[in-house]
*Asks:* 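Sending over a structure as structure tokens; questions will come in a sec.
Just so it is clear, the values below take in all heavy atoms, side chains as well, and ignore hydrogens, waters and symmetry mates. For this chain, numbers begin at 1 and follow the sequence in order.
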Amino acid sequence: MALAAAMLAGCKADPFVVKTTNGPVRGFDEEGTMAFKGIPYAKAERCMPPAPVEKWDTVLDCTQWGPQSLQNGRIQPGSSEECCVLNVWTTDTKGKKPVMFWCHGGGFDSGTSAWNPGMGLCRKDVVVVSLNHRLNIIGFLDLSATGDPKYKYSGNVGMMDAVRALEWVRDNIEKFGGDPDNVTIFGESGGGGKVGTLMCMPSAKGLFHKAIIMSGTILNINTKPMTEELGLAVLDQLGIPHNEPDRIKDVPYDKLYQAGQRALAASIGTRTPGTPMMWGFGPTPDGEVLLQQPFQPDFASISDDIPLVIGTTFNELQRGSYNRQMTLDEAKANVKATFEDDTDAYAEAFAKAWPDFIPQDLPSVDMMFRPKTIICADAVSATKPAPVYNYMFTWKSPSTHISAHGAELNFCFNTLHLAGRDLPNPSESDLRLADRMAQSWANFAHTGDPNVEGLPTWHPYTAQNGECFMFGPEIQVRNNFDRELSEIIDAHCFKKLDAFRATGSLK
């Protein structure tokens with residue numbers, strides 16, 4: 001009892017010690033903020049939903065990044081199947097600030113929360129939380145077709161981890177100065193896909209109140225029959241009888257991962273990363289854990305009341321053609337294979353959308369995210385009562401000359417000092433843009449309105465106004481400027497998706 005009393009007294013004396021529902025954790029000063037890294041929020045057992053964490057009595061050191069999910073087919077330093085950890089940044093544990101819950105990118109296959117630390121954003125009077133969770137075959141191996149009830153939810157446990165992390169926020173974030181009744185989920189790329197997925201999960205309803213989706217509209221086309229077929233194919237590759245699924249738990253990760261890749265090729269097909277559709281080891285609608293896939297064209301009705309910010313960057317994943325001179329005719333020849341007889345129409349629509357364009361822009365503009373983002377924003381704004389805000393990030397790196405996929409992250413997180421080779425020497429204009437974008441994201445977290453004093457007014461999106469807030473060297477608002485261009489791109493760049501929807505097959 002005396003020891004416990006001494007420990008409690010020590011916790012009260014140390015501002016970097018916070019008592020969670022599982023036990024006390026110690027953080028540290030990170031660039032003038034209070035950071036807590038690697039806090040366990042769930043226990044992971046292969047193919048099983050997240051389980052409660054065992055409580056601890058001593059103060060848990062949370063001054064280093066926790067383990068990330070196993071990925072890339074091998075066990076890397078700092079990775080583990082026990083990867084259900086989260087991080088918190090705050091400036092005042094006694095406050096009641098909006099919470100911004102970050103889902104990292106990397107598809108549902110790879111990535112880590114360590115890519116995007118939250119100390120810069122949390123200075124905008126918010127509490128930032130980010131998580132690691134199970135990915136790829138560890139998070140999304142669907143063994144429900146074996147008939148063993150233990151594996152009913154195995155195909156979605158990676159996203160069930162994210163819900164468990166949101167439950168941790170609900171139960172603990174007040175101790176870190178956050179408001180559990182004002183949580184904004186946000187993510188980029190695969191993280192944006194995770195945000196959209198959470199908007200279709202009944203177990204997540206009420207755990208968040210706003211959403212920001214950044215370059216996230218790659219369409220997950222998994223269906224339950226597809227993932228069931230894939231799960232059984234994995235067992236076949238490993239020589240495991242379908243009536244003995246428990247044997248999967250003894251398979252080393254590298255062997256399991258490689259079996260998964262072979263099973264994809266032998267069953268539903270292997271996806272090429274960077275293409276407009278994803279399938280395989282990712283979430284699948286089962287009518288219970290996940291009601292539908294997001295962005296098709298919108299989200300489940302359980303999220304009708306969720307204000308949304310959704311947008312893209314100018315170039316995204318397109319390989320830039322800015323390293324050489326190019327005439328307009330050469331640019332049109334470059335995209336002829338994509339747009340065929342509509343090449344001239346594409347060039348004309350591009351000139352209308354971007355009057356100051358250069359020929360190199362034609363093959364370099366985003367052809368994956370913007371068209372589906374417009375379609376999704378049209379659908380959400382037409383059917384949901386909550387507001388939708390659309391944006392485009394147009395700032396281009398002085399070293400790569402493109403506004404690449406993920407280029408906005410160091411801006412919205414207000415961490416340009418971590419931008420590295422993309423921006424080794426931020427200018428005053430760069431720093432101002434980062435401050436304003438981070439403030440816009442924080443304002444949205446506070447009130448559901450992303451407007452920032454001194455900037456152009458950003459109105460909610462409708463299909464009629466086509467309003468798009470342009471974050472770039474010049475911040476401006478444009479309306480329905482590229483709808484015709486996006487429709488041409490959509491018609492030519494998503495033919496495999498159209499064929500899948502028509503036939504239900506990837507073959």
Side-chain angles (χ1 to χ4, degrees), residues 107-109 136-137 140-146 154-156 159 190 192-193 196-197 199-200 216-237 242 259-300 316-318 335-343 345-346 366-380 383 486-507:
F108 295 94
D109 183 69
N136 56 74
I137 197 167
F140 303 101
L141 174 57
D142 185 357
L143 297 177
S144 60
T146 65
S154 60
N156 284 315
M159 284 306 301
T197 302
M199 293 175 72
C200 302
T217 49
I218 290 181
L219 301 189
N220 181 354
I221 59 167
N222 272 345
T223 63
K224 190 64 175 166
M226 288 170 64
T227 57
E228 288 179 346
E229 178 185 352
L230 177 58
L232 295 180
V234 170
L235 295 181
D236 292 341
Q237 290 293 326
H242 295 178
Q261 298 306 298
R262 295 193 305 271
L264 278 166
S267 59
I268 63 175
T270 302
R271 173 189 178 243
T272 301
T275 52
M277 308 162 21
M278 73 145 289
W279 64 86
F281 297 110
T284 185
D286 61 357
E288 185 176 351
V289 173
L290 180 61
L291 299 179
Q292 67 169 74
Q293 297 289 10
F295 315 119
Q296 303 192 35
D298 52 11
F299 312 99
E316 293 288 4
L317 291 169
Q318 287 295 111
V335 300
K336 180 75 173 177
T338 299
F339 295 103
E340 303 170 320
D341 292 343
D342 282 336
T343 298
Y346 169 74
D366 166 37
M367 297 184 188
M368 186 180 301
F369 295 93
R370 177 69 177 164
K372 296 305 182 187
T373 295
I374 291 176
I375 290 170
C376 180
D378 284 350
V380 175
T383 60
S486 292
E487 289 173 350
I488 294 173
I489 293 173
D490 187 61
H492 287 272
C493 295
F494 293 84
K495 290 183 177 179
K496 189 169 184 177
L497 173 65
D498 295 338
F500 172 78
R501 287 176 167 168
T503 66
S505 173
L506 292 165
K507 305 296 185 183

*Asks:* State the CE-CG distance between Met226 and Leu506, to the nearest 0.5 angstrom.
*Replies:*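 One gets 5.0 Å once the value is rounded to the nearest 0.5 Å.
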*Asks:* Of the non-hydrogen atoms in Pro294 and Thr197, which two are nearest, and what is the gap between them?
*Replies:*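 It is CG-N, 3.7 Å.
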*Asks:* Closest approach of Gln318 and Asp366, non-hydrogen atoms and distance?
*Replies:*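 Of all heavy-atom pairs spanning Gln318 and Asp366, the closest is CG-CA, 4.0 Å.
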*Asks:* Would you confirm whether Asn222, through its side chain, and Thr227, through its main-chain N or O, come within 3.5 Å as a donor-acceptor pair?
*Replies:*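 Checked: no pair found.
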*Asks:* Let me confirm one number: the CD1-CG distance from Ile137 to Asp142, rounded to the nearest 0.5 Å.
*Replies:*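 Reported value, rounded in 0.5 Å steps: 11.5 Å.
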*Asks:* Between Asp286 and Asn156, what is the shortest heavy-atom contact and its length?
*Replies:*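 Heavy atoms only, the tightest pair is OD2-ND2, 3.8 Å.
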*Asks:* For the residue pair Phe140 and Phe108, does the interplanar ring angle fall in the parallel (under 30°), tilted (30 to 60°) or perpendicular (over 60°) class?
*Replies:*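 Ring orientation, 0 to 90° scale: perpendicular.
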*Asks:* Would you indicate whether the side-chain heavy atoms of Asn220 and Pro283 approach each other to under 4.5 Å?
*Replies:*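 Yes; the side chains approach each other to less than 4.5 Å.
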*Asks:* Would you say His242 and Asp236 make side-chain contact, with heavy atoms under 4.5 Å?
*Replies:*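 They are in contact (side-chain heavy atoms under 4.5 Å apart), so the answer is yes.
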*Asks:* Please step through salt bridge (charged side-chain N to carboxylate O under 4.0 Å, His left out) for the pair Lys372 and Glu316, ending with a clear verdict.
*Replies:* CA-CA 13 Å; Lys372 296 305 182 187; Glu316 293 288 4; over 6 Å; no
*Asks:* Determine whether a donor-acceptor pair (N or O, by modelled atom type, separation under 3.5 Å) exists between the side chain of Ser267 and the backbone of Leu230.
*Replies:*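 Judged by distance alone, no pair lies under 3.5 Å.
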*Asks:* Atom CZ of Phe281 and atom CG of Asn136: how far apart are they, to the nearest 0.5 Å?
*Replies:*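 Going from CZ on Phe281 over to CG on Asn136, the span is 8.5 Å.
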*Asks:* I need the minimum non-hydrogen distance between Trp279 and Arg271, along with the two atoms involved.
*Replies:*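 That closest heavy-atom pairing would be CZ2-CA, 3.6 Å.
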*Asks:* Can you measure from CE (Met199) to CG (Asp298) and round to the nearest 0.5 angstrom?
*Replies:*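 One finds 9.0 Å between CE of Met199 and CG of Asp298.
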*Asks:* Are side-chain heavy atoms of Leu290 and Cys200 found at a separation under 4.5 Å?
*Replies:*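 Contact flag for Leu290/Cys200 side chains = yes.
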*Asks:* Taking the side chain as everything from C-beta on, heavy atoms only, tell me whether Lys224 gets closer than 4.5 Å to Ser144.
*Replies:*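 They are in side-chain contact.
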*Asks:* Considering non-hydrogen atoms only, spot the tightest contact between Pro371 and Ser486 and give its length.
*Replies:*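 Looks like CB-O, 3.7 Å.
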*Asks:* Yes or no on side chain to side chain contact (heavy atoms under 4.5 Å, CB included) for Phe339 and Ile489, after CA distance, side-chain angles and deciding distance?
*Replies:* CA-CA 8 Å; Phe339 295 103; Ile489 293 173; 4.1 Å; yes
*Asks:* So, taking the atom named CG in Leu235 and the one named CG in Leu143, what distance separates them when rounded to the nearest 0.5 Å?
*Replies:*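 Going from CG on Leu235 over to CG on Leu143, the span is 5.5 Å.
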*Asks:* Going from CG on Leu219 to CE on Met368, what distance comes out if it is rounded to the nearest 0.5 angstrom?
*Replies:*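 Spacing of CG (Leu219) from CE (Met368) equals 10.5 Å.
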*Asks:* Specify the closest pair of heavy atoms between Pro276 and Ile218, including all atoms of both residues, with the distance to one decimal.
*Replies:*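 Taking every non-hydrogen atom into account, O-CG2, 3.5 Å.
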